[in-house]
Amino acid sequence: MGDKNGQVVAGGNGKGNRLDQLNYPTDVLIDKETDSLIICDWGNRRVVRWSRRSGINQGEILIDNIGCWGLAMDDQRYLYISDPGKDEVKRYQIGDKNGTLVAGGNGKGADLNQLNEPTYIFVDQQQTVYVSDNNNHRVMKWNKGAKEGIVVAGGQSFGEALTQLSYPRGLFVNTLGTIYVADSLNHRVMRWPKGAKQGTVIVGGNGSGEEENQLNYPMGLSFDRHGNLYVVDQWNNRVQRFSIE
């Protein structure tokens, strides 16, 4: 905290497909059990694990030949991966290459059993999978074992009304079922309480720009344990922190 310079913990050796390189990484999570980072190496169509122990300067491939975009891990250490190319989300045991379908997988479309370019995902303690269904402009909730999902945010086509999303990206769901979503092309972060028909803007929503109350294509989001919200403000090439009441 307070550092002006970051430290490279994975990649940093130029763009490429060697084990010490990454190519357009899109998502990362920390696996505390193995003290390692698990990374969606999207440009290389693989998921890799990098140990955080010093002296280890390359990753290992966990799953290859996968159009991975979003990652999540549940309390049982199952790995969840969204594949926007196949319009599906699968669950993997670490070491398993095939996975089990948990959302989508019925071709590209807007039916309740379909997804259209899923990006970021969030998994709760009940193994419920929430998916930013990017090109359907909605967030979907798939209960464990369900054959179709439930629309829990957006789904009213592309637009900027409080009932709408435009290319939703980063996603977080709290223990009350409140959804926080990066509404990328509306340049805002929205909060949707459980069961709500519309959301509220909690950050941005003041057009695209680089002022402190503006975002420009927000991509990822995360909360710390103090309730601070961190937003990857992509086209402004910065990460912003907001304290949310």
Side-chain angles (χ1 to χ4, degrees), residues 8-34 36-52 58-74 76-109 114-124 127-136 138-142 149 167-173 181-182 184 217-222 232 234:
V8 178
V9 290
N13 296 300
K15 174 178 165 181
N17 63 3
R18 296 193 317 248
L19 287 179
D20 66 344
Q21 293 177 307
L22 297 169
N23 181 0
Y24 206 116
T26 55
D27 207 359
V28 59
L29 58 82
I30 295 175
D31 180 10
K32 294 190 177 109
E33 191 118 332
T34 58
S36 60
L37 303 172
I38 296 177
I39 302 165
C40 262
D41 189 9
W42 181 79
N44 284 323
R45 293 185 52 80
R46 66 190 185 188
V47 177
V48 292
R49 177 165 60 194
W50 285 63
S51 171
R52 296 171 75 203
Q58 65 176 41
E60 58 172 319
I61 298 171
L62 291 180
I63 302 161
D64 56 9
N65 197 26
I66 180 171
C68 163
W69 190 276
L71 280 177
M73 187 180 270
D74 69 18
Q76 277 94 52
R77 296 189 69 247
Y78 281 101
L79 195 58
Y80 296 74
I81 303 172
S82 67
D83 186 336
K86 292 184 177 174
D87 303 297
E88 66 186 22
V89 179
K90 280 186 163 181
R91 180 179 68 224
Y92 295 80
Q93 260 181 312
I94 302 278
D96 163 27
K97 304 280 188 198
N98 297 317
T100 305
L101 187 71
V102 292
N106 294 297
K108 190 183 296 292
Q114 293 179 307
L115 298 167
N116 188 344
E117 202 176 285
T119 55
Y120 291 99
I121 52 181
F122 184 91
V123 179
D124 70 12
Q127 295 182 323
T128 307
V129 180
Y130 294 82
V131 187
S132 280
D133 191 9
N134 190 51
N135 288 353
N136 283 327
R138 66 190 184 184
V139 176
M140 298 292 288
K141 171 184 175 180
W142 290 65
Y167 301 102
R169 297 290 188 153
L171 196 55
F172 180 86
V173 184
V181 58
S184 68
Y217 206 77
M219 180 63 73
L221 56 82
S222 180
V232 177
Q234 181 169 301

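All values reported here derive from a predicted model rather than from experimental measurement.
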Steps toward side chain to side chain contact (heavy atoms under 4.5 Å, CB included) verdict (Val181, Tyr120) = CA-CA 10 Å; Val181 58; Tyr120 291 99; over 6 Å; no
Spatial distance of atom CG (Leu19) from atom CD1 (Ile61) [nearest 0.5 Å] |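 Separation between the atoms: 5.5 Å.
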Can you name the residues that form a salt bridge (Lys or Arg N to Asp or Glu O under 4.0 Å) with [X], not counting sequence neighbours?
{"X": "Asp96", "value": "none"}
{"X": "Arg138", "value": "Asp133"}
{"X": "Arg49", "value": "Glu60"}
{"X": "Arg45", "value": "none"}

List for me each residue that meets ring-ring contact (aromatic ring centres under 6.0 Å, His included) alongside [X], sequence neighbours excluded, and say none if there are none.
{"X": "Tyr78", "value": "none"}
{"X": "Trp42", "value": "Tyr24, Trp69"}
{"X": "Phe172", "value": "Phe122, Phe223"}

Taking only residues two or more places apart in sequence or in another chain, which ones pass side-chain hydrogen bond (donor to acceptor under 3.5 Å, both in side chains) with [X]?
{"X": "Tyr80", "result": "Asp74"}
{"X": "Lys97", "result": "none"}
{"X": "Ser51", "result": "none"}
{"X": "Asp87", "result": "Lys108"}

Ile38 pairs by side-chain contact (heavy atoms from CB on, under 4.5 Å) with which of Val28, Val48, Val47?
->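 Result: among Val28, Val48, Val47, Val47 is the only option passing the side-chain contact (heavy atoms from CB on, under 4.5 Å) with Ile38.
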Identified side-chain contact (heavy atoms from CB on, under 4.5 Å) counterpart of Ile121 within the set Val131, Ile81, Leu171, Val102 |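 Passing option: Val131.
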With sequence neighbours left out, what residues match Asn13 under side chain to side chain contact (heavy atoms under 4.5 Å, CB included)?
-> Arg18, Asp20, Gln21
Got a donor-acceptor contact below 3.5 angstrom from the Ser82 side chain to the Thr119 backbone?
-> yes
Check: Cys40 main-chain N/O paired with Asp27 side-chain donor or acceptor under 3.5 Å | no
Close side-chain approach of [X] to [Y], heavy-atom, < 4.5 Å:
{"X": "Arg77", "Y": "Thr34", "value": "yes"}
{"X": "Leu37", "Y": "Arg52", "value": "yes"}
{"X": "Pro218", "Y": "Val232", "value": "no"}
{"X": "Val9", "Y": "Trp50", "value": "no"}
{"X": "Lys86", "Y": "Leu101", "value": "no"}

